[in-house]
Amino acid sequence: MAKTMTEDMKTGWRFIDNDGAFRLDAPHRTSYLYFPLVNEAGMMSVVTPTLHGDCKTGQNSFLTLPVSVEDLHNTRSARNFWVRIAGYGPWSATGNSARQLAEAGEAENQDVALEAGLLWHKVIRESRAAGLRAEVTNFVPASSDQVELMQVVLTNTGDRPLTLTPTAAVPIYGRSADNLRDHRHVTSLLHRIRTVRHGVTVQPTLTFDERGHRPNTVTYAVLGAEGDGAPPRSFFPVVEDFIGEGGNLEWPAAVVQQGMTGAPAGSAVDGYEAIGALRFADVTLSPGESRAYVLILAVAADGFKQSGIEASAGINELVQRYGSAARFAEWLDRTRAHWQAKVAPLAFHTADPRFDGWLKWVTVQPFLRRLFGNSFVPYHDYGRGGRGWRDLWQDCLALLMLEPEPVHDLLFSSFAGVRMDGSNATIIGSRPGEFMADRNNIPRVWMDHGAWPYLTTRLYIDRSGDLGFLLQEQTYFKDAHINRCQAHDEAWSAEQGTLLRTRPGAIARGSVLEHLLVQHLTAFFNAGAAGNILLEGADWNDGMDMARERGESVAFSALYAGNLADLGQLVLALGRLGVTEVQLAAELLPLLDTLAEPVNYADVTARQDRLHRYFATCSHTISGDKIKVRPADLGRDLAAKADWLTAHLRQHEWITDRAGYGWFNGYYDNDGQRVERPDGPHGVRMTLTGQVFALMGGIASDTQAQAIVRSADRYLYEHRLGGYRLNTDFGGMQFNLGRCFGFAFGHKENGAMFSHMAVMYANALYRRGLVREGFRVLDGIYQHCADFATARIYPGLPEYISERGRGLYPWLTGSASWYLLTLLNEVFGVRGELGDLVLAPKLVAAQFDERGQAAVAAQFAGRQIEIVYHNPRRLEFGAYAIRRIAADGVDLPGARVDQGVRIAREVIAALGTPAALRLDIELDEG
Ligand code: G1P
């Protein structure tokens, strides 16, 4: 008997090894599940329990039909593998036959389970009636080829011989996603379809998409072989022939009708919708016997230059490399090892092994976002590739913990995207440091963009000690948008390129520090009527986009205030490098107003005037002149700004209600009205965003911090959503604030439990020493996500939890980076401070295992370190302090710092040569 649906749901996924592999029974009975498969070569696949999903290398090169989330259950176009079983009829190894789908439900005649790991996907399906089991494994090999591999292993589970006719069937879409609703049919007329020895290839003659009509060079192929490498017998390369009149992909004539033989290798058909339908030789399996088939789904950017049956060297190479069961197994092993190595630098051990396993999936998420951007998975159906500025810097947070070496270059080159007006390029290319002029001409500035690079840079410097990074010189981005997209530089044309120049014509360069100053100073002076920083096109919340003239983001004013204070401190540390003066673009001096001509910050007009005076000096070129400023003077100027803004926020933006709750207002709308309020027609208005940065940057006093926690618990916390909503219900559309209020309440940026902000809230709480409160946030999110019956997602963090508790937009979210950062830096308290290692754990008693241990493996100072905390009495946070630190058994000297111990980098460096090191830290009553 099939289990009931409730039983399946309760079971959920469970880990089957220590490397994150999990098993889920009856996965096909949960909708919207999908799994990413990807490699650095640019193959991006998504696969579902029924082998739906898609496979592409970019917006203009989809091998299979592009899918959005509703298509996962609407389309019949999926990877399929048919077997016609003598005496039984057609059966789909992927579950996609009209008969199996009709049977789905209580009387289902099959057992289905999913097993998946980093990054492979296997569906095991057994037909009890036919006595046949299929194990279908998919992965994208960690190689330089744009291919997805799929293996189907058929096993006779009955007690009599089974005679089978196998047919693989993968529809080949072979064109741009744009063509889905733009010349879908006409573009099929471009298809040149060929059958080669091992499969079907499609090379369209032209591409019709946003780039215009151009000769096409991309070839798409579905190739296959039996386990021993034997090629298919024949092919059905045209969809209409494969399905037959009145048929469809779930009941195709080529499979359903007996005696359909197909075309031989070496045939050509032009101008039809294509399918990689590969007929293999009939086979008789004795009881217990298995037979494997391997499929290669390939995209060749420069074509395969095939000729007749022999195909091209390219195709033959792919078949040789991947086209047998042995090769498939080898590549699967390599690919698993590749992904395990990616996540290995950061591993956690707590009292809950399920949590530790779940974290492996969170750890892989930043890699996924680096490879997919915010596109190319079914919920993320708005993206066309590329990545956003904010996300670029967020993802680097985790990458700094996971692969520090290349991230230095990525950080450095990304600063080349900053414009001299403090805004930045919005179209980011796929290579590090590649920025393009805004071809859509949608001038928009997200006011928070200038704040993120500092956080990432600070993390980098703290972990590496590379203060000199601040002094490295980088170029600036230049296009027609000036004055933070409020004006156009008529003198600029695309031919001039995207590098800012000096008046004499040289390429303008400034230090990383100068870039950071440009970002923070322009923001500081860009004041709105209430004295906070203008919201401009939006802030972190992309949906706050309808208050461009008068809106203010108090929330991000707080982040800028915190950054200004922190940067003011950091520049003082430059003294360690013997730096007595820093060189800055002369144009910046008026913005360092306290050094020359002070501005009354409370006078909003004066602030704006000063900003516009600055804009006028750098709208087309800059002088190239430099001024020299002493770090102490610079630090003082930044501190003055931070202090003013902090005091302003504390005094003017703190609101309280009659019940005695208090919190920070986060926004002003386009009428210049304060958005958050204690009461109103729709009740309390509160945002989580408004609290997070006030806490994080020390804007909220300790008393205010406590009050925020109480208010968030009262107004934003929702147990059934796993945590804190992004906002309370504002009661409908807010045309003077943003489109997000057009979303139903409780969804996405309008009041969902939005993981990124919730995790940053946790981070801020920990930083403020509100440890139990922070733990509650992190634990709540995990518990919810791991509760499959409610969240209905695979292990990992989704972008948000919807009103019904379901996890949405899985895999690609900046919250993953922040979750890892918070665990490492705050919870385990393993962090860098200008290159030294600080250990200051904020673990709660429940996080120590039964032996009283909690451990983390992390990279620091170029080596892998395992940090094991010993708290044998499982004392609660607050009751313990670090008593002793031993490196591989030898006591280590360390200086006491606030709640922890600082170990100088040199001490770690002096600990011999082994790459791996173990630190044992005894915790006892403090
Ligand atoms: C997404 C975007 C992020 C944006 C956020 C809120 O969050 O990627 O840039 O700030 O929505 O609009 P994420 O998916 O990273 O959690």
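Sequential numbering from 1 along the given sequence is applied to the chain's residues. Atoms within each ligand, like the ligands themselves, are counted from 1 in listed order.
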Q: For atom 12 (O) of ligand 1, what's the nearest protein heavy atom and its distance?
A: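 Sorting protein heavy atoms by distance from atom 12 (O) of ligand 1 puts Glu749 OE2, 2.4 Å first.
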Q: Against heavy atoms of Asn374, which atoms of ligand 1 measure under 4.0 Å?
A: 8 (O)
Q: Less than 4.0 Å between a side-chain N and a carboxylate O, is that true for Arg739 and Asp542?
A: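 No, no charged N to carboxylate O under 4.0 Å.
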Q: What I want to find out is whether Glu803 reaches Lys748 closely enough, with some N-O distance under 4.0 Å, to be called a salt bridge.
A: no
Q: Counting heavy atoms only, which of Leu812, Asp545, Asp539, Asp391 is nearest atom 2 (C) of ligand 1?
A: Asp391
Q: Tell me: protein heavy atom nearest atom 10 (O) of ligand 1, and distance?
A: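 Nearest neighbour among protein heavy atoms for atom 10 (O) of ligand 1, to 0.1 Å: Trp540 O, 2.6 Å.
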Q: What atoms of ligand 1 come closer than 4.0 angstrom to any heavy atom of His756?
A: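 Within the 4.0 Å cut-off of His756, ligand 1 contributes 16 (O).
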Q: Nearest to atom 11 (O) of ligand 1, what protein heavy atom do you find, and at what distance?
A: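 So the nearest neighbour among protein heavy atoms is Phe754 CZ, 3.5 Å.
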Q: For atom 16 (O) of ligand 1, what is the nearest protein heavy atom, given as residue, atom name and distance?
A: Thr813 OG1, 2.8 Å
Q: Provide the number and element of each atom of ligand 1 under 4.0 Å from a heavy atom of Glu799.
A: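 The atoms of ligand 1 under 4.0 Å from a heavy atom of Glu799 are 1 (C), 7 (O), 11 (O), 13 (P), 14 (O), 16 (O).
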Q: I'd like to know if Arg548 and Glu536 make a salt bridge, using a cut-off of under 4.0 Å between side-chain N and carboxylate O.
A: no
Q: Whether Asp395 and Arg369 form a salt bridge (side-chain N of Lys/Arg under 4.0 Å from carboxylate O of Asp/Glu) is what I want to check.
A: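 The answer is yes: the pair qualifies as a salt bridge.
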Q: Given that the side chain starts at C-beta and the backbone is N, CA, C, O, which of these parts of Tyr800 lies under 4.0 Å from ligand 1, counting heavy atoms, or is it both or neither?
A: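 Under 4.0 Å from ligand 1, Tyr800 contributes no heavy atoms.
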Q: Can you name the atoms of ligand 1, numbered from 1 with element, that are less than 4.0 Å from a heavy atom of Arg369?
A: 8 (O), 13 (P), 14 (O), 15 (O)
Q: Number the atoms of ligand 1 from 1 as they appear, then name those within less than 4.0 Å of a heavy atom of Gly814, with their elements.
A: 13 (P), 15 (O), 16 (O)
Q: Could I get the full list of side-chain contact (heavy atoms from CB on, under 4.5 Å) partners for Arg677, not counting sequence neighbours?
A: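 If we apply the side-chain contact (heavy atoms from CB on, under 4.5 Å) test to Arg677, skipping adjacent residues, the hits are Pro681, Arg685.
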Q: Do other residues, nucleotides or ligands put more than 12 heavy atoms under 6.0 Å from Arg804 CZ?
A: no
Q: Could you list the atoms of ligand 1 found under 4.0 angstrom from a heavy atom of Asp542?
A: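 In order of number, 4 (C), 12 (O).
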Q: Taking only Lys NZ, Arg NE, NH1 and NH2, and the carboxylate oxygens of Asp or Glu, determine whether Arg550 and Asp671 approach each other closer than 4.0 Å.
A: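 No, no charged N to carboxylate O under 4.0 Å.
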Q: Give me the ring orientation class for Trp811 and Tyr794: parallel if the planes are under 30° apart, tilted from 30 to 60°, perpendicular past 60°.
A: tilted
